[in-house]
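All values derive from a computational prediction rather than experimental measurement. We count residues from 1, following the sequence as given.
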Amino acid sequence: MRFIHTGDIHLGAHPESKREWAANRGEEIWGTFEKLIKKIKMDSVDLLIISGDLFHRQPLLREIKEVDYLLSTIPDTKVVICAGNHDAIKKGSFYEGFQWSENVIFLEDRNIQKVDIEEINACVYGLSYHETEIEENLYDHIIVDDINKLNILVAHGGDEKHIPINKKKLAMSGFDYVAMGHIHKPEMDERGRMAYCGSLEPIDMNDIGKRGYIYGEINKYGLELEFVPFAKRIYKEIDFTVTPKVTNMEIRHRLLDMMVENGEENMFKVTFNGYRDPDFEIKEKDIEQIGNIVSIVDETVPDFDFEELYEDNHDNILGMFIERYLDKGYLNEREKKTLYYGAKALLDAMEDET
């Protein structure tokens with residue numbers, strides 16, 4: 001049996017909404033989901049698993065209808081969906097009583113339910129969240145009923161507030177595959193016959209790295225999994241080493257080149273490190289304008305001439321502080337940073353007093 005496992009799609013989310021270049025991120029998330037369904041339409045699989053958080057919050061009726069229409073365009077693929085903590089089925093939810101297309105199975109119950117899918121000789125187990133938080137270990141004690149069928153568990157959770165998961169117990173429960181959701185970073189364990197698909201698109205700046213879905217082939221004798229990158233854009237980290245001679249214009253030019261090398265459509269967390277001229281300041285606002293930058297962290301330290309600084313301040317607290325380190329001779333990297341940061345703090349304090 002061929003399947004695609006996705007989840008944590010978060011339709012309705014608008015990441016980086018305050019940034020002009022991200023004005024269409026919400027539409028991009030919908031577009032990537034639509035692109036996945038079109039891919040399945042072109043190259044059909046037997047089963048599509050959506051393991052929770054299809055929506056970022058309570059879905060509108062028209063949004064569910066849009067999703068159902070898309071899923072109806074792949075009638076030869078069975079689709080299994082559960083609600084996660086973000087789109088939990090609360091009172092008045094439009095999930096309640098919605099009539100999905102014939103190929104769609106929505107695991108609506110708050111308790112584990114089992115659905116037989118005769119066309120692919122499979123049994124699918126799972127539940128939907130009806131509260132935002134569930135602290136019970138609801139997946140720990142499930143035992144499959146029919147070992148002759150392909151048994152699949154759709155399990156959204158994995159932390160103390162969202163159905164804690166004991167992977168060792170799951171590995172012994174008899175499931176041929178456990179399709180997990182909630183953790184946005186993809187993680188595959190073929191030996192344990194389980195995987196987190198990760199989010200289809202990154203939802204916030206903590207979702208560093210590739211995002212996509214899992215393609216799998218399964219039978220009673222084995223399981224093969226492949227992570228397929230699929231996101232329109234991802235978050236990447238850039239470490240930029242500064243030297244005492246650097247200028248702001250040079251930083252902008254070099255950083256732009258680094259962003260192009262890493263795919264300028266992506267989103268970047270930039271960290272500056274190294275040693276800068278004591279009188280030099282990185283102009284972060286100017287740098288933010290050159291591309292899709294979501295954060296800037298300045299870890300540079302001023303490149304002081306400590307011999308000269310000590311001579312000018314040998315009779316005050318700054319000189320006493322510097323002397324402690326000069327007497328050591330060799331300094332490791334941690335000691336160097338302590339010296340630089342400490343000297344900078346004392347200089348700033350001395351300037352405030354004058």
Side-chain angles (χ1 to χ4, degrees), residues 15-22 159-160 184-185 202-209 234-264 266-354:
E16 313 300 341
S17 59
K18 295 182 180 179
R19 305 179 189 275
E20 289 184 13
W21 54 262
D159 62 44
E160 61 181 11
H184 286 191
K185 184 178 181 180
I203 303 304
D204 63 45
M205 69 172 67
N206 295 315
D207 292 348
I208 296 290
I234 61 175
Y235 289 97
K236 285 191 170 186
E237 295 177 314
I238 289 181
D239 290 321
F240 190 110
T241 301
V242 168
T243 67
K245 294 182 179 181
V246 78
T247 67
N248 276 293
M249 188 175 292
E250 179 186 351
I251 287 176
R252 294 199 304 272
H253 289 181
R254 284 175 53 197
L255 184 57
L256 182 58
D257 289 341
M258 295 170 76
M259 291 166 65
V260 170
E261 289 175 7
N262 282 275
E264 59 184 332
N266 292 318
M267 302 168 287
F268 298 95
K269 299 175 72 172
V270 181
T271 300
F272 291 105
N273 51 56
Y275 298 92
R276 57 177 170 77
D277 187 293
D279 296 323
F280 176 76
E281 290 186 4
I282 296 173
K283 295 183 178 179
E284 295 185 7
K285 288 186 177 180
D286 291 346
I287 291 168
E288 287 178 348
Q289 304 305 312
I290 68 172
N292 304 341
I293 296 176
V294 298
S295 72
I296 296 174
V297 177
D298 184 1
E299 295 183 350
T300 62
V301 291
D303 187 38
F304 293 115
D305 183 338
F306 285 105
E307 296 283 353
E308 181 180 339
L309 201 57
Y310 173 71
E311 289 298 325
D312 294 340
N313 295 274
H314 65 275
D315 57 350
N316 61 34
I317 189 172
L318 175 58
M320 295 171 59
F321 175 76
I322 295 172
E323 186 178 24
R324 288 172 52 197
Y325 286 89
L326 292 181
D327 287 346
K328 288 187 175 184
Y330 173 78
L331 300 178
N332 61 36
E333 197 63 28
R334 183 176 181 181
E335 290 171 326
K336 285 181 182 179
K337 286 192 174 183
T338 301
L339 172 58
Y340 280 97
Y341 284 126
K344 178 67 165 62
L346 288 170
L347 278 169
D348 289 344
M350 290 166 64
E351 286 181 7
D352 289 342
E353 291 177 359
T354 59

Dump the intermediate steps for side-chain contact (heavy atoms from CB on, under 4.5 Å) on R252 and L256, then the final yes or no.
-> CA-CA 6 Å; R252 294 199 304 272; L256 182 58; over 6 Å; no
Above 12 or not: heavy atoms from other molecules or residues under 6.0 Å from CD1 of I317?
-> no
Do P244 and R276 touch side chain to side chain, with heavy atoms closer than 4.5 Å?
-> no
Can you name the closest pair of heavy atoms from F240 and L255 and give their distance?
-> CE1-N, 3.8 Å
Across all chains, not counting sequence neighbours, the salt bridge (Lys or Arg N to Asp or Glu O under 4.0 Å) partners of E335 are K328
When rounded to the nearest 0.5 Å, the distance separating CE of M205 from CG of D207 is 10.5 Å
Within the distance-only criterion (no hydrogens, no angle test), does the side chain of H314 pair as donor or acceptor with the backbone N or O of E311 below 3.5 angstrom?
-> yes
Under 4.5 Å between any side-chain heavy atoms of K269 and N206, yes or no?
-> yes
If every non-hydrogen atom of A22 is compared with every non-hydrogen atom of P15, which pair is closest and at what distance?
-> CB-O, 3.9 Å
Gap between atom CD1 of I282 and atom CD1 of I287 - 0.5 Å precision | 6.0 Å
Can you name the salt bridge (Lys or Arg N to Asp or Glu O under 4.0 Å) partners of E288, sequence neighbours left out?
-> none
Does the side chain of M259 reach to within under 4.5 Å of the side chain of V270, using non-hydrogen atoms?
-> no
Within a strict 4.5 Å, meaning less than it, do heavy atoms of the K245 and D277 side chains meet?
-> no
Measure the NZ-OG1 distance between K283 and T247 for me, rounded to the nearest 0.5 Å.
-> 10.0 Å
Heavy atoms only: give me the nearest P278-P302 pair and the separation to one decimal.
-> CA-CB, 3.8 Å
Taking the side chain as every heavy atom from C-beta outward, state whether V246 and F272 have any atom pair closer than 4.5 Å.
-> no
Side chain to side chain, F268 and M258, heavy atoms closer than 4.5 Å | no
F306 ring center near Y340 ring center (under 6.0 Å) = yes
Going through the distances and angles, do L339 and F304 end up as a side-chain contact (heavy atoms from CB on, under 4.5 Å)?
-> CA-CA 10 Å; L339 172 58; F304 293 115; over 6 Å; no
Beyond-backbone contact of D305 with E307, side-chain heavy atoms, under 4.5 angstrom | yes
Rounded to the nearest 0.5 angstrom, the OH-CG distance for Y310 and N316 is 10.0 Å
Contacts of N266 meeting side-chain hydrogen bond (donor to acceptor under 3.5 Å, both in side chains) (sequence neighbours excluded), chain-then-number -> none
Closest heavy-atom pair, F321 versus A343, reported as atoms and distance to 0.1 Å, is CE2-N, 3.6 Å
Residues, nucleotides or ligands: over 12 heavy atoms within 6.0 Å of K185 NZ | no
Inter-residue atom distance I238.CD1 - R254.CZ, 0.5 Å rounding | 11.5 Å
Can you tell me how far NZ of K344 sits from CG of L347, rounded to the nearest 0.5 angstrom?
-> 7.5 Å
Contact check, side chains of M350 and N313, non-hydrogen atoms, under 4.5 Å | yes
Just by modelled atom types, is the N292 backbone N or O under 3.5 Å from a matching donor or acceptor in the R19 side chain?
-> no
Counting distance only, does the side-chain N/O of N248 pair as donor-acceptor with the main-chain N or O of E281 below 3.5 Å?
-> yes
